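The block underneath contains the structure these notes are about, expressed in structure tokens.
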Amino acid sequence: MKHLRSIEELDAAGILSLLELTDHMVEINARPIPKVPALRGKNVVNIFFEDSTRTRLSFETAAKRLSADVMTFSVGTSSVNKGESLRDTIETVQAMGVDAFVIRHKSSGVPWQISNWTDASVINAGDGWHQHPTQALLDCYTIRQALGRKGGFEGLRIAIVGDIKHSRVARSDVQAFAALGAHVTLVAPPTLLPPSIAGWPVETSQDLDSLVGKVDVLYLLRMQRERMSEALIPSLREYTDRFGLTADRARRLGDSTLVMHPGPMNRGVEIAVDPSELPGNVIIQQVANGVAVRMAVLFQLLGQGDSLA
Ligand code: NCD
């Protein structure tokens with residue numbers, strides 16, 4: 001495996017083997033000094049053309065824990081503002097010696113373009129509405145850890161609720177959850193579903209109330225208003241009434257139902273209760289596991305032949 005641009009680059013066995021490698025990384029992260037020399041001498045460059053808090057810091061932390069050198073390039077302060085093209089930017093940075101590019105960009109497909117211009121590995125940290133594979137892997141890992149599952153997700157019922165249309169997280173999660181055998185239901189008003197979901201391995205519903213209490217995982221998505229070009233819902237208040245995790249729905253969730261969110265959360269919109277009060281809340285574990293999963297991905301792509309100390 002050279003790149004990780006999409007979940008489709010992995011099959012179920014590939015996902016499971018990365019999740020097993022993540023177990024080692026979780027063990028390393030629990031040590032008094034959470035650092036190993038595995039990627040010493042490798043250079044990882046994060047290029048974020050879009051805003052990010054957790055994904056950028058998570059990749060940076062992951063690379064440092066494996067002793068890679070890491071540079072983070074924030075487009076706001078770069079020569080991109082002087083009109084430099086994407087290709088020239090990549091070729092310029094590549095000339096300094098790069099083993100992996102971690103890319104976030106508002107346009108779908110950019111990680112594939114970049115992999116045509118460089119010999120380095122390319123990891124997609126989110127391209128437009130399209131893919132965010134490390135988010136899907138950390139979500140799979142979190143479910144597996146919280147439910148004590150070893151193999152796949154057979155028999156597991158997962159509802160993904162909210163703005164599916166604009167969500168690269170939903171697209172990647174659906175592929176990963178379904179590859180592992182889960183039954184996935186997308187819950188959203190029709191205006192927030194993609195124009196065509198033919199071929200997606202999912203069911204759809206507009207009735208969150210009938211699913212609360214029946215699913216094992218309730219996965220909430222952020223209302224991605226920065227990606228909407230028109231009003232797709234009558235009002236945020238009506239959205240919360242129908243599709244938000246309200247106090248009433250929270251009461252009807254089983255104690256073992258996992259509540260997940262990729263962050264950043266819009267409190268009072270998709271989640272109208274304090275998640276820390278929910279027994280099945282694993283939102284903070286998702287963030288913690290993000291570091292370990294990204295360590296596993298970096299090690300898998302760059303660490304061939306090396307052992308994990
Ligand atoms: C998401 C993203 O940027 O795709 N956040 C993340 O990476 N954890 C989801 C979002 O923006 O809503």
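In listed order, ligands and their atoms are each counted from 1. Since the model is a prediction, treat every value here as computed from it, not as a measurement.
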Geometric cation-pi criterion, Arg104 with Phe48: 6.0 Å, 45°: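 Arg104 over Phe48 ring: no.
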Just which atoms of ligand 1 are under 4.0 Å from any heavy atom in [X]?
X: Arg104; value: 2 (C), 3 (O), 7 (O)
X: Val169; value: 1 (C), 4 (O), 9 (C)
X: Arg54; value: 8 (N)
X: Thr55; value: 6 (C), 7 (O)

Heavy-atom nearest neighbour in the protein, as seen from atom 7 (O) of ligand 1, with distance rounded to 0.1 Å: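 So the nearest neighbour among protein heavy atoms is His132 NE2, 2.8 Å.
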Nearest-neighbour protein heavy atom for atom 3 (O) of ligand 1, which is reported as residue plus atom name and distance: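 In this structure, atom 3 (O) of ligand 1 has Arg168 NH2, 2.9 Å as its nearest protein heavy atom.
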Asp207 bridged to Arg242 by N-O distance under 4.0 Å: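 Judged by the 4.0 Å cut-off on N to carboxylate O distance, Asp207 and Arg242 do not form a salt bridge.
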Electrostatic pair Asp127:Lys106 at N-O distance under 4.0 angstrom: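 Salt bridge: no.
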Min N/O separation Pro262 to ligand 1 under 3.5 Å: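 Indeed, backbone or side chain, Pro262 has an N or O that close.
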Shortest non-hydrogen contact between Asp241 and Arg249, atoms and distance: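 Smallest interatomic distance, heavy atoms only, reads O-NH2, 2.6 Å.
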Lys35 versus Lys64, closest heavy-atom pair with distance: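 Minimum heavy-atom contact is NZ-O, 3.0 Å.
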Residue selection (non-hydrogen contact nearest atom 1 (C) of ligand 1) among Ala170, Gly126, Ser52, Gly263: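 Shortest heavy-atom distance from atom 1 (C) of ligand 1: Gly263.
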Among Arg222, His261, Arg56, Glu270, closest by any non-hydrogen atom to atom 11 (O) of ligand 1: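 Considering heavy atoms of Arg222, His261, Arg56, Glu270, the nearest to atom 11 (O) of ligand 1 sits in Arg222.
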Donor on one side chain, acceptor on other, Thr142 and Asn289, under 3.5 Å: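 Judged by distance alone, the side chains do pair up.
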Worked check of salt bridge (charged side-chain N to carboxylate O under 4.0 Å, His left out) between Arg144 and Asp23: CA-CA 11 Å; Arg144 182 175 175 270; Asp23 283 332; 3.6 Å; yes
